[in-house]
Visitor: 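Quick one: the structure is below, and I'll ask about it shortly.
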Amino acid sequence: MKALLLKYRSVLRFIALFLGTYIFLSLLYSGYLKVSEGGTYYPDFVTHLVAKQSSAVISSLGYKAEIIPATDIPSMDLIINDSPLARIVEGCNALSIIILFISFVITFSEKLKKTLLFLLAGMVLIYAVNILRIAILSICLYNYPQHEHILHGVVFPGIIYGMVFLLWMLWVRMLNKPGQNG
């Protein structure tokens, strides 16, 4: 048994570090959501901010966009040109995806400065692309409602998850450059 543990030590380290980081950050996020209930920003600060920023992007593209708190579930209703179009729920705020991103990068972390800079840049990029994703998805749904299933279920999740995957590949590639001093 000891020989197996030694042989697969790096794999076990990867699994433990990834799962430990992911579980820890997920518990923090869950606590954040619990504390946010009944707060000033509905349904929580980040989801509210994402809804406002997505609405602002849509408005900047020539559409009349507004958000209002939903009454039946914790979310913000997005209205384009007086037409109720979508709901921005907690899952739309990209924090769960950012937690996944952080967990992977920390698992393969190297020097502290290099890791922190990559994490910061990646989180900002994921957040910004998520805002654009919601805005473009909403405009597409407004103009092509018959394609809701493929747009919401395939194309736009693929964009955000694909980008995270590319960031992971970039991180691994950056780590494998010979002679690089982070």
Visitor: K114 and M174: which non-hydrogen atoms are nearest, and at how many Å?
Guide: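 The answer is NZ-O, 3.4 Å.
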
Visitor: Quick one: pull up CD1 in I102 and OG in S109 and give me the separation to the nearest 0.5 Å.
Guide: 12.5 Å

Visitor: In Å and rounded to the nearest 0.5 Å, what is the CG to CG distance from L137 to L85?
Guide: 8.0 Å

Visitor: How far does CD of E66 sit from CG of L78, to the nearest 0.5 angstrom?
Guide: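 The distance works out to 9.0 Å.
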
Visitor: Check the surroundings of atom OH in Y22: do more than 12 heavy atoms from other residues, nucleotides or ligands lie under 6.0 Å from it?
Guide: no

Visitor: How about Y42: does its OH atom have over 12 heavy atoms from other parts shown lying under 6.0 Å from it?
Guide: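 Atom OH in Y42 is packed in, count exceeds 12.
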
Visitor: Check whether F45 and Y29 end up in the same hydrophobic cluster, where Ile, Leu, Val, Met, Phe, Trp and Tyr are linked by side-chain heavy atoms less than 4.5 Å apart.
Guide: yes

Visitor: If you round to the nearest 0.5 Å, how far is CG of L170 from CG of L175?
Guide: 9.5 Å

Visitor: Side-chain contact test, heavy atoms from C-beta onward, threshold under 4.5 Å: evaluate it for M76 versus P43 and give yes or no.
Guide: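 A side-chain contact exists here, since the closest heavy-atom pair is under 4.5 Å.
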
Visitor: Got I160 and V129 here, is their nearest side-chain heavy-atom distance under 4.5 Å?
Guide: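 They are in contact (side-chain heavy atoms under 4.5 Å apart), so the answer is yes.
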
Visitor: Taking the side chain as C-beta and beyond, is there a heavy-atom pair between L119 and F101 under 4.5 Å?
Guide: yes

Visitor: Fit a plane to each ring of F14 and F108, take the angle between them on a 0 to 90° scale, and name the class: parallel (under 30°), tilted (30 to 60°) or perpendicular (over 60°).
Guide: tilted

Visitor: Same hydrophobic cluster for V11 and V172, using side-chain heavy-atom links shorter than 4.5 Å among ILVMFWY?
Guide: yes

Visitor: Please identify which of these residues, V50, L49, I134, I131, meets the side chain to side chain contact (heavy atoms under 4.5 Å, CB included) condition with N93.
Guide: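 Filter result, single survivor: V50.
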
Visitor: How many angstroms lie between CD1 in I106 and OG1 in T115, if you round to the nearest 0.5 Å?
Guide: 8.0 Å

Visitor: Are the side chains of P74 and E90 in contact, using a 4.5 Å heavy-atom criterion?
Guide: no

Visitor: If we only count heavy atoms from C-beta on, is the T21 to I99 side-chain gap below 4.5 Å?
Guide: no

Visitor: Looking at side-chain heavy atoms only, is the closest gap between F104 and F165 below 4.5 Å?
Guide: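 A side-chain contact under 4.5 Å is absent here.
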
Visitor: Give a yes or no on whether V89 and I126 share a hydrophobic cluster (residues Ile, Leu, Val, Met, Phe, Trp, Tyr; joining criterion: side-chain heavy atoms under 4.5 Å apart).
Guide: no

Visitor: Please tell me if the side chains of Q53 and Y127 come closer than 4.5 Å, counting only heavy atoms from C-beta onward.
Guide: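 The answer is yes, as the side chains (C-beta and beyond) meet within the 4.5 Å cut-off.
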
Visitor: For the residue pair T47 and I88, what are the closest heavy atoms and their distance?
Guide: CG2-O, 3.8 Å

Visitor: Given the rule in the side-chain contact (heavy atoms from CB on, under 4.5 Å) test, do H147 and V155 qualify, once you have shown the distances and angles that lead to the verdict?
Guide: CA-CA 10 Å; H147 299 295; V155 174; over 6 Å; no

Visitor: Would a distance-only check, ignoring hydrogens and angles, find a side-chain to backbone donor-acceptor pair under 3.5 Å from S30 to S26?
Guide: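 Absent.
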
Visitor: Within the supplied structure, the quantity of interest is the number of heavy atoms (other residues, nucleotides, ligands) at a distance under 6.0 Å from Y144 OH; does it exceed 12?
Guide: no

Visitor: Kindly give the heavy-atom pair with the smallest separation between A135 and S54, and that separation in Å.
Guide: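 Closest heavy-atom pair between A135 and S54: CB-O, 4.0 Å.
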
Visitor: Nearest 0.5 angstrom please: T107 OG1 to L17 CG, how far?
Guide: 4.5 Å

Visitor: Please step through salt bridge (Lys or Arg N to Asp or Glu O under 4.0 Å) for the pair D72 and R87, ending with a clear verdict.
Guide: CA-CA 11 Å; D72 53 343; R87 287 217 161 134; 2.8 Å; yes

Visitor: Do you know which of I150, I136, L141 makes side chain to side chain contact (heavy atoms under 4.5 Å, CB included) with F156?
Guide: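 Single side chain to side chain contact (heavy atoms under 4.5 Å, CB included) partner of F156 among I150, I136, L141: I136.
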
Visitor: Apply side-chain contact (heavy atoms from CB on, under 4.5 Å) to the pair I67 and D77, showing each step before the final yes or no.
Guide: CA-CA 5 Å; I67 55 164; D77 286 338; over 6 Å; no

Visitor: Hey, mind stepping through I159 and L132 against side-chain contact (heavy atoms from CB on, under 4.5 Å) and telling me if it holds?
Guide: CA-CA 11 Å; I159 290 170; L132 293 173; over 6 Å; no

Visitor: Would you please test L167 and W171 for side-chain contact (heavy atoms from CB on, under 4.5 Å) and show each step?
Guide: CA-CA 6 Å; L167 284 171; W171 178 242; over 6 Å; no

Visitor: Where is the tightest heavy-atom contact between I80 and Y142, given as atom of each residue plus distance?
Guide: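 Taking every non-hydrogen atom into account, O-CE1, 3.6 Å.
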
Visitor: Shared ILVMFWY cluster between V57 and L151, side chains joined below 4.5 angstrom?
Guide: yes

Visitor: Restricting to non-hydrogen atoms, name the atom on N130 and the atom on C92 that form the minimum distance, rounded to 0.1 Å.
Guide: ND2-O, 2.7 Å

Visitor: Using the rule that Ile, Leu, Val, Met, Phe, Trp and Tyr join whenever any side-chain heavy atoms are under 4.5 Å apart, tell me whether M169 and V164 fall into a single cluster.
Guide: yes

Visitor: How close do I139 and Y63 get, counting heavy atoms only, and between which atoms?
Guide: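 Smallest interatomic distance, heavy atoms only, reads CG2-OH, 3.4 Å.
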
